[in-house]
2 protein chains.
Amino acid sequence: MGETTAIPRKTRIQAQNEELILKAALEVFSAYGFRGATVDQIATNCGLSKPNLLYYFRRKEDIYVAVLEHTLHDWLEPLRSLDPAGEPIEEITRYIRTKIRLSRDNPKASRLFANEILHGATAIGTYLKGPLKDLVDEKAAIIRGWIAEGRLNAVDPHHLIFAIWATTQHYADFEPQVQAVVGGGPEVMTKAEETLTRLFVEGLKPRSQ
Amino acid sequence: MGETTAIPRKTRIQAQNEELILKAALEVFSAYGFRGATVDQIATNCGLSKPNLLYYFRRKEDIYVAVLEHTLHDWLEPLRSLDPAGEPIEEITRYIRTKIRLSRDNPKASRLFANEILHGATAIGTYLKGPLKDLVDEKAAIIRGWIAEGRLNAVDPHHLIFAIWATTQHYADFEPQVQAVVGGGPEVMTKAEETLTRLFVEGLKPRSQ
DNA sequence: TTAATTCTTGATCGCTTGGTCAAGAGCGGA
DNA sequence: TCCGCTCTTGACCAAGCGATCAAGAATTAA
């Protein structure tokens, strides 16, 4: 009791391997979903044996939760940085642009979450109802304020945020469909960014000004 | 050879059971995805034994493809009925309204497709590149025509269609998230419909008119 | 009623997969 | 160098799953 409670310091090897595992896990889970992915796949993908991988994460689910948590924070950063002191149209334009570029540069994270939520969000359900809801409510209040000041068209802030999420993440989550319809060149994403910003800006800019 | 070639007429029992199976399969596949779903689950779900189910569909994949095809046609009906002779804003408003109601009334179909595409669209890839692309291109041309006539704001038609798909299906595919953030009452969907139509209408209505 | 056909199922097989275990290899501090 | 701890792995296990099969039950056509 007088001693310091056991603090499990992380070995160099531990930190290194856990990072390898999380990277491989994102790859595999985002491609096949939780049930579709296999521990063997993840192990092979990062050059470890299966028992060795299970030495670092006892259960498959532990890897899954770890990679979800590890990715969630970064994913919400753009919304977090929506600035109440900024110019409304400019702030929202920047948000859309950041989100769609995140979707382009890190589609695996998008697909990981999409799959998790699509299948009931059992692993991150409490997170959604807690921190996520709090963040969204906070930003929705800001938008509501802008609307009250007449600086934005009157739309429901929550559903506006949903719309931005849906449209931007669509390009990562439904990539095969987008690819099938308009092809897969790099110009697709720039065109998407252009179209979405115009659509939302025109949709939100007050008529009388 | 002189005889008529064997036409496999469907028995009453056949038709009845196949319908039961497809219904149960939609339920299970939409909830767990292809790999996550089990033949046993589907069988139990429709009151048949597993071998009996496999008497009607030889392989698990056959059930999956069947239920996909069975649902795809209905799912695209709203886009198909976009009328080139109609009033642009009115047509698109109707399309959004129809889509979001379809998403509300048949979320399982939405989730079935979402899962299929999210995991690479291996089963319907050729359909996407064929009939779907053709349909979308056709409707995009109509929208492009409306824009050329100055009856709509200038946005890329393909990406506009993607945006409508994304925003409307979001409420089915990401239901747990929507529920976590704004709750699950029936007013959510009406509010969503209202917000989306306003957003798109304001975004598409030409400023100078 | 009879005979052919369709339908149904218990038992079972082969394979995949998550997870365990014991035993050895590697590493770091004294 | 030595010793304790961390790390690694081949072999293995039990459960779950897709699929098969043979044999019996139900249905249908005559």
Side-chain angles (χ1 to χ4, degrees), chain A residues 3-29 31-68 115-116 119 122-123, chain B residues 3-29 31-68 115-116 119 122-123:
Chain A
E3 288 290 323
T4 56
T5 42
I7 297 169
R9 285 179 304 175
K10 260 183 195 166
T11 315
R12 176 182 51 83
I13 298 181
Q14 241 169 56
Q16 184 180 308
N17 279 346
E18 281 179 10
E19 195 188 322
L20 274 179
I21 293 169
L22 289 182
K23 192 178 167 190
L26 174 60
E27 196 90 18
V28 176
F29 280 130
Y32 303 102
F34 177 71
R35 295 189 65 169
T38 72
V39 177
D40 260 318
Q41 264 179 307
I42 301 173
T44 303
N45 206 294
C46 62
L48 298 180
S49 67
K50 184 166 66 168
N52 197 15
L53 191 156
L54 290 168
Y55 167 77
Y56 294 100
F57 295 90
R58 299 276 277 276
R59 298 176 306 154
K60 181 188 181 183
E61 202 185 334
D62 292 347
I63 316 174
Y64 184 65
V65 171
V67 68
L68 270 177
N115 195 81
E116 163 66 10
H119 291 17
T122 50
Chain B
E3 288 290 323
T4 56
T5 43
I7 297 168
R9 284 180 305 176
K10 260 183 196 167
T11 314
R12 177 181 51 85
I13 298 180
Q14 242 167 56
Q16 183 181 309
N17 279 346
E18 281 179 10
E19 195 187 323
L20 273 180
I21 293 170
L22 289 182
K23 192 179 167 189
L26 174 60
E27 196 91 19
V28 176
F29 281 130
Y32 303 101
F34 177 71
R35 295 188 65 168
T38 72
V39 177
D40 259 316
Q41 264 179 306
I42 301 172
T44 303
N45 206 293
C46 62
L48 297 180
S49 67
K50 185 165 64 169
N52 198 15
L53 191 156
L54 289 169
Y55 169 76
Y56 293 100
F57 295 90
R58 298 277 277 276
R59 298 176 306 155
K60 180 188 182 184
E61 202 185 334
D62 292 346
I63 316 174
Y64 184 65
V65 171
V67 68
L68 271 175
N115 195 82
E116 163 67 11
H119 292 13
T122 51

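Chain letters run A, B, ... following the sequence lines, proteins first, then strands; residues in each count from 1. Only a predicted model underlies this, so the values are computations on that prediction, with no experimental measurement involved. Heavy-atom basis, side chains included; hydrogens, waters and symmetry copies ignored.
Annotation: side chain of B/Y56 is not in contact with side chain of B/D62 (no heavy-atom distance under 4.5 Å). Side-chain contact between B/L68 and B/F34 is absent, with no heavy atoms from C-beta onward closer than 4.5 Å.
If you measure from atom CG of B/L48 to atom C1' of D/dA26, you get 15 Å, rounded to the nearest angstrom. For the pair B/D62 CG and D/dG18 P, the interatomic distance rounds to 13 Å; values are reported in whole Å. The CG atom of B/N52 sits 16 Å away from the P atom of D/dG18 (whole-angstrom rounding). In this entry the distance linking CD of A/Q14 with P of D/dC5 reads 15 Å, nearest Å. Atom-to-atom, CD of B/Q16 to C1' of C/dT6 comes out at 14 Å; the value is rounded to the nearest Å. Atoms CG (B/N17) and P (C/dT9) sit 10 Å apart, rounded to a whole Å.
Across all their heavy atoms, B/V28 and B/A37 have their closest contact at CG1-CB, 3.5 Å. The minimum heavy-atom distance between B/I42 and B/I21, with the atom names listed, is CG2-O, 4.2 Å.
Residue B/Y55 has its side chain nearest to C/dT8 when only D/dT6, C/dT8, D/dT9 are considered.
Between the side chain of A/E116 and the backbone N or O of A/A123 there is at least one donor-acceptor pair closer than 3.5 Å.
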**Q.** Summary of protein contacts for nucleotides 18-30 of chain C, nucleotide by nucleotide, where a base hit scores B, a sugar-phosphate-only hit scores S (4.0 Å, heavy atoms)
**A.** BBBB------S--
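Within the 4.0 angstrom heavy-atom criterion, only backbone atoms of the sugar-phosphate kind lie near B/Y56; the bases stay farther away.
Taking a 6.0 Å sphere around OH of A/Y32, one finds it holds 12 or fewer heavy atoms contributed by other residues, nucleotides or ligands.
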